[in-house]
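Quick notes on the structure that follows.
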Amino acid sequence: MHQWNAKDISVLENTNTRMSKIPAAFTHAGALAARRFHNSVPGYEKTPLVSLPALAKKLMLKGLYVKDESKRFSLNAFKGLGGSYAMFRILCRRMHLDAEQATLQDLITVSRNDKSGHVEFATCTDGNHGKG
């Protein structure tokens with residue numbers, strides 16, 4: 001099993017001039033913020049990469065790896081990551097926290113003192129995305 005780390009990832013910036021502004025969540029800084037948040041969630045673990053040497057050989061590749069999402073928060077999917085991060089960003093905005101710097105614990109600490117009322121989130125599925 002292979003564990004990836006930051007040096008395994010290269011970042012390419014979208015230079016499409018038709019896009020007037022790339023949303024912050026889709027920038028390199030946004031990716032780092034999402035990683036920071038997920039690392040602060042209890043039970044979060046890096047996704048292991050599983051080597052597929054026979055398929056790599058058949059495709060004439062030096063190596064081929066797939067992410068094993070079968071243990072992700074007991075959901076068997078990655079979908080919980082996007083939903084939880086979206087809610088985190090919404091709550092950070094509500095609590096006047098910088099989502100690019102905050103952790104889950106920061107949000108919990110600030111929300112204990114928040115008197116602005118109850119917040120509810122809804123999803124149209126009870127599948128992996130909804131459970132996430």
> More than 12 heavy atoms of other residues, nucleotides or ligands under 6.0 Å from CD of E45: is that the case?
Replying inline: no
>> For G30 versus Y85, what's the shortest heavy-atom pair and its separation?
In response: O-OH, 3.9 Å
>> To the nearest 0.5 Å, what is the distance between NZ on K46 and NZ on K67?
In response: 12.0 Å
>> Measuring from atom CZ of R93 to atom CE of M95, what distance do you get when rounded to the nearest 0.5 angstrom?
In response: 12.0 Å
> Taking atom types as modelled and ignoring hydrogens, do the side chains of D106 and T109 form a donor-acceptor contact shorter than 3.5 angstrom?
Replying inline: no
> Which pair of heavy atoms, one from L97 and one from L107, lies closest together, and at what distance?
Replying inline: CD1-CA, 3.7 Å
> Which heavy-atom pair separates L52 from V66 by the least distance, and what is that distance?
Replying inline: CD1-CG1, 3.7 Å
>> When you compare the side chain of N39 with that of R35, does any pair of heavy atoms fall below 4.5 Å?
In response: yes
>> Could you tell me if the side chain of H38 sits less than 4.5 Å from the side chain of S84, heavy atoms only?
In response: yes
>> Looking at every heavy atom in both P42 and L104, which two are closest together, and how far apart are they?
In response: CD-CD2, 3.8 Å
> How far apart are the closest heavy atoms of F88 and T103, and which atoms are they?
Replying inline: CE1-O, 3.6 Å
> Roughly how far, to the nearest 0.5 Å, is the CZ atom of R36 from the CG atom of L32?
Replying inline: 7.0 Å
